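Input: a single structure, listed below in structure tokens.
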Amino acid sequence: MYVLDASAFINEYHTTEQTASIPMVQQELEGEHAFRFDAMEGSGMHIHLPRDDAVEKVRRAAGETGDLDVLSMTDIRLIAATFELDGTLVTDDYAMQNVAERMDVAVDVIAQDGIEEQRNWSFQCSGCGREFDEDKERCPICGSPLSRKNPS
């Protein structure tokens, strides 16, 4: 089963396989893209609401990779739905791909190249320059804000 992100409707993704999505994706779409969602739902697309425990698993995985702050609740719930359905996530979002790969969830990209490697982001203090594995609102040493840093 292919679980569709908003980009699938925007880029008119086609498959002969069964499809699914979540109601929050429909809320992100406008105009013809929203009509496409409605049409696919009317022709058999499954609408799935992921359980809270699956959502929490995704949140933990996103925290581990450092992607939690850049994922929307829609993104998190889409990954959770794909995880529960043992499906393939259809998205161009790199952070979603990174978390999905961490959870061994298959991904199919649409209009862009997929990620080349899974990343565990680090966070660097803008004041003292110290690096941390986990995101915090402020540096526990000097109190300056942290920014996400590419681990390469």
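From a predicted model like this one, the values you see are computed outputs, not experimental measurements.
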Practice item. Locate the shortest heavy-atom distance separating Glu84 from Ala54; write the atom from each residue and the value. Key: OE2-CB, 3.4 Å

Review point. How close do Thr88 and Val107 get, heavy atom to heavy atom, and via which atoms?
Key: CG2-C, 3.9 Å

Point to revise | Spatial distance of atom CD (Glu56) from atom CZ (Arg51) [nearest 0.5 Å] | key: 13.0 Å

Review point. Among the clusters formed by ILVMFWY side chains lying less than 4.5 Å apart, do Met73 and Val70 turn up in the same one?
Key: no

Exercise for review: Please report the shortest heavy-atom distance between Ala62 and Leu71, naming the atom on each side.
Suggested key: CB-CD1, 3.8 Å

**Study point:** Atom pair CD1/CE of Ile47 and Met24 - distance to nearest 0.5 Å
**Key:** 13.0 Å

Review point. So how far is it from Met45 CE to Gln18 CD, rounded to the nearest 0.5 Å?
Key: 12.5 Å

Check your understanding: In terms of hydrophobic clusters joined by side-chain contacts under 4.5 Å, are Ile110 and Phe37 together?
Key -> yes

Practice item. Working to the nearest 0.5 Å, report the span between CE of Met96 and OG1 of Thr74. Key: 9.0 Å

**Study point:** Atom CZ of Arg36 with >12 non-hydrogen neighbours under 6.0 angstrom
**Key:** yes

**Study point:** Heavy-atom closest contact (Pro50 atom, Arg77 atom, distance)
**Key:** CG-O, 3.5 Å

Practice item. Ignoring hydrogens and angles, tell me if any N or O in the side chain of Asp75 forms a donor-acceptor pair with the backbone of Ser72 under 3.5 Å. Key: yes

Review point. Going by atom types alone, do Asp67 and Tyr94 pair a side-chain donor with an acceptor below 3.5 Å?
Key: no

Review point. Looking at OG1 of Thr15 and CG of Asp108, how far apart are the two atoms once the value is rounded to the nearest 0.5 Å?
Key: 8.0 Å

Check your understanding: Which pair of heavy atoms, one from Cys125 and one from Leu146, lies closest together, and at what distance?
Key -> CA-CD2, 3.4 Å

Point to revise | Derivation of the side chain to side chain contact (heavy atoms under 4.5 Å, CB included) call for Cys128 and Cys139 | key: CA-CA 9 Å; Cys128 67; Cys139 175; 3.8 Å; yes

Check your understanding: Less than 4.0 Å between a side-chain N and a carboxylate O, is that true for Arg102 and Glu64?
Key -> yes

Practice item. Verify, without hydrogens or angle tests, whether Asp5 (side chain) and Ala8 (backbone) share a donor-acceptor contact under 3.5 angstrom. Key: no

Practice item. Flag yes if Leu29 and Leu78 sit in one hydrophobic cluster, no otherwise; membership is Ile, Leu, Val, Met, Phe, Trp, Tyr, and two members link when side-chain heavy atoms are under 4.5 Å apart. Key: yes

Point to revise | Minimal non-hydrogen separation, Phe83 against Met103, with atom names | key: CD1-CE, 3.7 Å

**Study point:** Sequence-distant partners of Asp86, salt bridge (charged side-chain N to carboxylate O under 4.0 Å, His left out), two or more places apart
**Key:** none

Check your understanding: Considering only heavy atoms from C-beta outward, does the side chain of Val3 approach that of Val105 to under 4.5 Å?
Key -> no

Exercise for review: Before giving the answer on side chain to side chain contact (heavy atoms under 4.5 Å, CB included), spell out for Ile22 and Leu49 the whole-Å C-alpha distance, their side-chain angles and the decisive distance to 0.1 Å.
Suggested key: CA-CA 6 Å; Ile22 63 172; Leu49 298 172; 5.6 Å; no

Exercise for review: Would you check if there is a donor-acceptor pair between the side chains of Gln97 and Asp92 at a distance under 3.5 Å?
Suggested key: no

Practice item. Give a yes or no on whether the backbone of His46 and the side-chain of His48 come within a donor-acceptor separation of less than 3.5 Å. Key: no

Point to revise | Contact check, side chains of Asp38 and Gln26, non-hydrogen atoms, under 4.5 Å | key: yes

Check your understanding: After noting the C-alpha distance and the side-chain angles of Ser7 and Tyr13, does the key distance pass the side chain to side chain contact (heavy atoms under 4.5 Å, CB included) rule?
Key -> CA-CA 8 Å; Ser7 56; Tyr13 179 81; over 6 Å; no

Check your understanding: When you look at Phe9 and Met40, which way does the side chain to side chain contact (heavy atoms under 4.5 Å, CB included) test go after all the steps?
Key -> CA-CA 9 Å; Phe9 299 98; Met40 289 184 69; 3.6 Å; yes

Point to revise | Qualifying salt bridge (Lys or Arg N to Asp or Glu O under 4.0 Å) pairs with a residue from residues 123-132, counting only residues at least two apart or across chains | key: Glu131-Lys149

